[in-house]
Visitor: 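This is the structure I have questions about; it appears just below.
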Amino acid sequence: MSISSNYDARTVENKWYDYWMEHNFFHSTPNEKEPYTIVIPPPNVTGVLHMGHMLNNTIQDVLIRRARLKGFNACWVPGTDHASIATEAKVVAKLKSEGINKPDLTREEFLKHAWDWTDKHGGIILEQLKKLGCSCDWERTKFTLDDDMSASVVKSFVDLYNKGLIYRGYRMVNWDPEAQTTLSDEEVIFEEQQGKLYYIKYKIEDSKDTLTIATTRPETILGDTAICINPNDERFVHLKGKKAIVPIANRIIPIIEDEYVDMEFGTGCLKVTPAHDENDKTLGDKHNLEIVDILNPDGSLNSFGLHYEGKDRFVVRKEIAKELEEKGHLLKIEDYLNKIGTSERTKAVIEPRLSDQWFLKMEDLAKPAIKAVLETEEVKLFPKKFENTYRHWMENIRDWNISRQLWWGQQIPAFYFGDGKDDFVVAETKEEALTPAQKKSENPQLMLSDLQQDPDALDTWFSSWLWPMSVFDGIRNPENKEFQYYYPTNDLVTGPDILFFWVARMIIAGYEYTGKRPFENVFLTGLVRDKQRRKMSKSLGNSPDALGLIDKYSADGVRVGLLLSASAGNDLLFDEQLCNQGKGFANKIWNAFRLIKGWEVKDLEQPNYAATAIEWYDAKLQSTLIEIEDHFSKYRISDALMATYKLVWDDFCSWLLEMAKPAYGQPIDKKTYEAVINALENNLKLLHPFMPFLTEELWQNLAKRSPEEALIVSQWPEQRAANTALVSEFEFASEVISGIRNIRKEKNISFKDTINLSVMNAENFTNEFDSIIVKLCHIETLSYVTDKVDGALSFRVKSNEYFIPMAGAINIEEELEKLKEELKYTEGFLKSVQGKLANERFVSNAPEAVVASEKSKEADAKAKIKMLKESILGLKH
RNA sequence: GGGUCAUUAACUCAGUUGGUUCAGAGUGUCACGUCGACAACGUGGAAGUCACUGGUUCGAAUCCAGUAUGACCCACCA
């Protein structure tokens, strides 16, 4: 038989994914087993896989596959998000490229286009996740705009409204002039930008006096309705009670007084534009100022902009500065660095704008969610440092603007029957709205056709905050069997960038609707960056093509590469090189398999070395299992992988296989063979969550297996007490082996030549490993001696001394030098230990165990010094 | 402006409540080795005043204070 020395992942990966699907291994239904549930952070329905998705979905798959192996009923619910603003923007742009303007379409026509777009591009990302090996329960795939999901959202809106938590208010909101919708505070990203501060001179009515204000947005003077000064500012006493004239507009506005004005900043005079600034709005309300809104929804000026009407705000800014200058109103312009709010999605500069919107009161809702994370720890964040961020946001939470001037999303279930401020009712459907509307309007003749539904849609996050519940229909039908079984879910894996958008709100919704946490553990992955620490982004072009990587390095290789760099809680610097390491690892395992498969098995006596090797490996596996378990419990996925990596590469391949393998061309005994196969199978189980494809391939190649015996549904190795004594004895033996290898290296003794070894066993070390030492170091005879061997190369492990007789090869000077070095070091070490022990405060204050260990160090060092001195004397003679 | 976190080998990171033989890993690098699973390999080596300055302690990478640098979060200063 011949097996290629290169592992061919491509055909293998497709084959096993199909096999798993065919046998329905990803599908879960409630049963008597304990559930382990993850709901996917739903990616944008029309998005494509990027590195961030690859990372967090690989982690989820690792967790799910491990849980499956550990005997849980593992259920990973996949799905996509309708991403209202992002998707609507894409559809609008696409229509525009076809010469269609959104305002020319009816809602129904537009939605038809949007659904066409979604059907065409939707779900591509889910197909890509399959290539990555994700074992999602595809039968449960959900979309946030599915009928049942939307019904849940509408139901919760009505419910929260009836509880008095949702209200409609005329407020200052964040306006995105490009998408022409409002945004929640969280969707506004502040960016530092180099701007200018314009100093503008205003005339005072019936006076020759002037005053100067400073502003970064000179176009807004057209919306000024007052000038504000600090009442304590002595510089402006003469202005009190006077009126100022707005340049260009020549409107007369009052000069008001308020301590809000910072006398130190700018000129000490503040222009008040209540329509375009939140603070000014507050001032305006306080002083009953007029509100002059100068902007159209698209960011151009309206009729209050006078001759600038129809021009964009940024164009006007330049032109009005020029006009002010020409008319002598502009004193100076300074460079000024300030923070500008921009839209998270469209990047457009946000305008504060007054409008009627829907809000959700957050303060009381947040309380149980604060408690769960910070007090009871019912919900745990990993890494823990995010608890501070969470606390800060939650304790300063503001009401959530949930309405969007978009069509793509759940339409707000509010129905208007008149033009008055309160002429509406909230109900799940228009039909249900009718009776209450008739009552409220005191008009029993009111008909369905008289009701107008609010045109706005809900914020996407107002649907995804229900996700862990709504995917199991827990909002509409909380008593259903599935919801009762799968909820609360176990782990949530997502990025810290949506901690507020999504995670915190899910916790809030979970407690509000079920009184329970939505999940127990939140693992916040780092952001994927490139080697220069830059964020991966489309515009920088530094984000590798996900599928291209899989094609190049195999899905297993990419998974390993990503996880190797994903240390807990840190951003990860992605380096393609690591995927290559993953690919190399797969090849290493493949070749170990090849070696084993190539052995001829016979009914032979098991050699001593093999028996010992196998016993040791079993102990090593057990101690590693404990270590892996610990890493997983702390979500240190990369450490768990590294522990597995070392177990397989170093302990299994480099040690066990070298120890157990028969001489070239010789057969192997059955007992050893079976034990090695068993060891390999255990390794495959540990590796499976990280490298599902390769491991299933080898598993199925090792034996003929029925579908029920597939690796994906096998059992995680049983954990027993580890024989730690054996593990540490082996470490001693491995030091002996290294010592011998070192000497071979230094003296250029080829591995093909046999050598002899004499041991002066001062440590009384077990001879259990002798047969292994003989085998791995190609030793002719191993003997124990009580006296030093003359004319031999030597090395020491603790106070044991090892001799390799080598006529003519000994350089006395060199050997002496080596011994002296070791002596010098050991003496220095002894001195420091004795120093500690001579310190009475140490002896009396330090714990007993620490003192005892120092004493044994002292004894060891003394023994070694004695031995070294004897050796030096021996050589000198 | 407020806050959080970081700073350990060339790179990426571990280092649990201060205390086992002079601080560990992976990668990279260097030397040697192509033979018998694998050169995507094997064996071995080099490489760190634990950012800096003080302090607490018998003992500090670990605790405290300050400084520097960086990252992130929050915030309405015109």
Visitor: When we call it a touch if two heavy atoms are under 4.0 Å apart, what does Pro847(A) touch: a base, just sugar-phosphate, or nothing?
Guide: base
Visitor: Between Arg636(A) and G15(B), is there a side-chain N or O to OP1/OP2 distance below 4.0 Å?
Guide: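 Result: yes.
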Visitor: Classify the nucleic acid contact of Phe585(A) as base, sugar-phosphate or nothing, counting any heavy atom under 4.0 Å across all strands shown.
Guide: nothing
Visitor: Does U62(B) pair with anything, Watson-Crick or G-U wobble, both distances under 3.5 Å, and if so, with which nucleotide?
Guide: none
Visitor: Tell which nucleotide pairs with U43(B), taking only Watson-Crick or G-U wobble pairs whose two distances are both under 3.5 angstrom.
Guide: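 Its partner is A31(B).
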Visitor: Which one is paired to A37(B), where only Watson-Crick or G-U wobble pairs with both distances under 3.5 angstrom count?
Guide: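 Across all strands, not a single nucleotide pairs with A37(B).
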Visitor: For a quick test of reading the model: is some side-chain N or O of Arg391(A) closer than 4.0 Å to OP1 or OP2 of U4(B)?
Guide: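 The answer is no; no side-chain N or O of Arg391(A) sits under 4.0 Å from OP1 or OP2.
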Visitor: Over all strands shown, is Lys339(A) touching base, sugar-phosphate only, or nothing at heavy-atom distances under 4.0 angstrom?
Guide: base
Visitor: Looking at Asp860(A) and Lys864(A), does any basic side-chain N land under 4.0 Å from a carboxylate oxygen?
Guide: no
Visitor: With respect to the phosphate group of G19(B), does any side-chain polar atom (N or O) of Ser853(A) fall under 4.0 Å of OP1 or OP2?
Guide: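 So the side chain of Ser853(A) is outside the cut-off, no N or O lying under 4.0 Å from OP1 or OP2 of G19(B).
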Visitor: One thing to verify: whether Asp639(A) and Lys634(A) come together as a salt bridge, which I'm taking to mean a side-chain N less than 4.0 angstrom from a carboxylate O.
Guide: no
Visitor: Have a look at Thr215(A) and say if it touches a base, only the backbone sugar-phosphate, or nothing, with a 4.0 Å heavy-atom cut-off.
Guide: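 Since only primed, P, OP1 and OP2 atoms lie under 4.0 Å of Thr215(A), the category is sugar-phosphate.
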Visitor: Base, sugar-phosphate, or nothing for Gln581(A), non-hydrogen atoms under 4.0 angstrom?
Guide: sugar-phosphate
Visitor: Measure the distance from CD on Glu278(A) to P on A78(B) and round it to the nearest whole Å.
Guide: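 Spelled out: CD on Glu278(A) to P on A78(B) is 14 Å.
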Visitor: When you look at NZ of Lys798(A), are more than 12 heavy atoms from neighbouring residues, nucleotides or ligands closer to it than 6.0 Å?
Guide: no
Visitor: For Asn845(A) and G18(B), give me the distance from atom CG to atom C1', rounded to whole Å.
Guide: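 The answer, rounded to whole Å, is 14 Å.
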Visitor: Under 4.0 Å from OP1 or OP2 of G45(B): is there any side-chain N or O of Asn742(A) that close?
Guide: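 Affirmative; the distance criterion is met.
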Visitor: Compare side-chain N and O positions of Arg594(A) against OP1 and OP2 of A37(B) and report whether any pair is under 4.0 Å apart.
Guide: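 False: Arg594(A) side-chain N/O out of range (4.0 Å or more) of A37(B) OP1/OP2.
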Visitor: Closest to the Tyr260(A) side chain: A78(B), G19(B), C73(B)?
Guide: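 Closest of the options to the side chain of Tyr260(A): A78(B).
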Visitor: Please pick, from A40(B), A37(B), U27(B), the nucleotide with the shortest atom-to-atom distance to any side-chain atom of Tyr645(A).
Guide: U27(B)
Visitor: Starting the side chain at C-beta, find the nucleotide from U12(B), C5(B), A78(B) nearest to Arg533(A).
Guide: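 Looking only at side-chain atoms, Arg533(A) lies closest to U12(B).
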Visitor: In whole angstrom, what separates Leu657(A)'s CG from U43(B)'s P?
Guide: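 So the two atoms are 12 Å apart, to the nearest Å.
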Visitor: May I ask you to say what Phe190(A) touches in the nucleic acid, namely base, sugar-phosphate or nothing, with a heavy-atom cut-off under 4.0 Å?
Guide: nothing
Visitor: Got a salt bridge between Glu814(A) and Lys747(A), using NZ or NE/NH1/NH2 to carboxylate O under 4.0 Å?
Guide: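 Yes, this pair counts.
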Visitor: Return the 5'-most residue of the pair Lys646(A), Asp185(A) with respect to RNA chain B, ranking by each residue's nearest nucleotide.
Guide: Lys646(A)
Visitor: Name the nucleic acid region contacted by Asn279(A), choosing base, sugar-phosphate or nothing; use a 4.0 angstrom heavy-atom cut-off, strictly under.
Guide: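 Base: the residue Asn279(A), judged by heavy atoms under 4.0 Å, touches a nucleobase.
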Visitor: Report yes if a side-chain nitrogen or oxygen of Asn570(A) is closer than 4.0 Å to either non-bridging phosphate oxygen (OP1 or OP2) of A14(B); otherwise report no.
Guide: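 Answer is yes, contact under 4.0 Å.
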Visitor: Report the distance from atom CZ of Phe574(A) to atom C1' of C11(B), rounded to the nearest whole Å.
Guide: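 About 16 Å, once rounded to whole Å.
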Visitor: Can you confirm whether Arg235(A) is buried at CZ, in the sense that more than 12 heavy atoms of other residues, nucleotides or ligands lie under 6.0 Å from that atom?
Guide: yes
Visitor: Consider the side chain of Gln577(A), meaning its heavy atoms from C-beta on, and name the nucleotide among U4(B), G28(B), G26(B) that approaches it most closely.
Guide: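 Selected nucleotide (nearest to the side chain): G28(B).
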Visitor: Could you tell me whether the side chains of Ser184(A) and Glu187(A) share a donor-acceptor contact shorter than 3.5 Å?
Guide: yes
Visitor: Does Leu573(A) reach a base, just sugar-phosphate, or nothing at all? Heavy atoms under 4.0 Å.
Guide: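 Here Leu573(A) touches the backbone only, sparing every base.
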Visitor: To the nearest Å, how far apart are Tyr198(A) OH and A78(B) P?
Guide: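 Atom-to-atom, Tyr198(A) to A78(B), this comes out as 14 Å.
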Visitor: Using a cut-off of 4.0 Å on non-hydrogen atoms, how would the nucleic acid contact of Phe500(A) be classed: base, sugar-phosphate, or nothing?
Guide: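 If one applies the 4.0 Å heavy-atom cut-off, Phe500(A) turns out to touch the sugar-phosphate alone, with no base involved.
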Visitor: Can you tell me which residue among Phe765(A), Phe795(A), Phe732(A) is in a ring-ring contact (aromatic ring centres under 6.0 Å, His included) with Tyr802(A)?
Guide: Phe795(A)
Visitor: Which is true for Asp571(A) with a 4.0 Å heavy-atom rule: it touches a base, it touches only sugar-phosphate, or it touches nothing?
Guide: sugar-phosphate
Visitor: Considering just the side-chain nitrogens and oxygens of Lys661(A), establish if one lies under 4.0 Å of OP1 or OP2 belonging to A37(B).
Guide: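 So the side-chain polar atoms of Lys661(A) do come within 4.0 Å of the phosphate oxygens OP1 or OP2 of A37(B), strictly under.
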Visitor: Does the side chain of Tyr336(A) get closer than 4.0 angstrom to OP1 or OP2 of A78(B) through an N or O atom?
Guide: yes
Visitor: If the cut-off is 4.0 Å, is Arg398(A) near the phosphate of C76(B), judged by side-chain N/O to OP1 or OP2?
Guide: yes
Visitor: Using Watson-Crick or G-U wobble geometry with both distances below 3.5 Å, tell me the partner of G26(B), or none.
Guide: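 C11(B) - that is the nucleotide pairing with G26(B), both distances being under 3.5 Å.
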Visitor: Can you tell me how far P of G44(B) sits from CD of Glu735(A), to the nearest Å?
Guide: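 In whole Å, G44(B) P and Glu735(A) CD are 12 Å from each other.
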Visitor: Checking base pairs now: Watson-Crick or wobble, both atom distances under 3.5 Å. What partners U20(B)?
Guide: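 Base-paired to nothing in any strand shown.
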Visitor: Contact class for Arg217(A) vs. all strands (heavy atom < 4.0 Å): base, sugar-phosphate, or nothing?
Guide: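 The residue Arg217(A) makes no contact with any strand.
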Visitor: Base, sugar-phosphate, or nothing: which does Trp649(A) touch, judged by heavy atoms less than 4.0 Å apart?
Guide: sugar-phosphate
Visitor: If you check every side-chain atom of Lys745(A), which of A31(B), A40(B), A78(B) has the closest atom?
Guide: A31(B)
Visitor: Can you tell me if Gln194(A) uses its side chain to pair, donor with acceptor, with the backbone of Tyr336(A) under 3.5 Å?
Guide: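 Yes, Gln194(A) side chain to Tyr336(A) backbone: donor-acceptor pair under 3.5 Å.
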Visitor: Using a 4.0 Å heavy-atom cut-off across all strands, classify Glu746(A) as base, sugar-phosphate, or nothing.
Guide: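 Nothing: the residue Glu746(A), judged by heavy atoms under 4.0 Å, touches no strand.
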Visitor: Counting Watson-Crick and G-U wobble pairs only, both distances under 3.5 Å, name the nucleotide matched with C72(B), or none.
Guide: G3(B)
Visitor: In whole angstrom, give the distance that lies between atom CG of Asp262(A) and atom C1' of G1(B).
Guide: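 One finds 12 Å between C1' of G1(B) and CG of Asp262(A), rounded.
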Visitor: Rounded off to whole Å, could you give me the CE-to-P distance for the Met642(A) and G24(B) pair?
Guide: 17 Å
Visitor: Going by an N to O cut-off under 4.0 Å, is there a salt bridge joining Lys836(A) and Glu854(A)?
Guide: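 A salt bridge is present here (some side-chain N lies under 4.0 Å from a carboxylate O).
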Visitor: By nearest atom, which of the nucleotides U27(B), G19(B), C41(B) is closest to the Lys588(A) side chain?
Guide: C41(B)
Visitor: Both distances below 3.5 Å, Watson-Crick or wobble geometry, any strand: find the nucleotide opposite U67(B).
Guide: A51(B)
Visitor: So what does Glu658(A) hit on the nucleic acid, given a heavy-atom distance under 4.0 Å: a base, only sugar-phosphate, or nothing?
Guide: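 Base, at least one base heavy atom under 4.0 Å.
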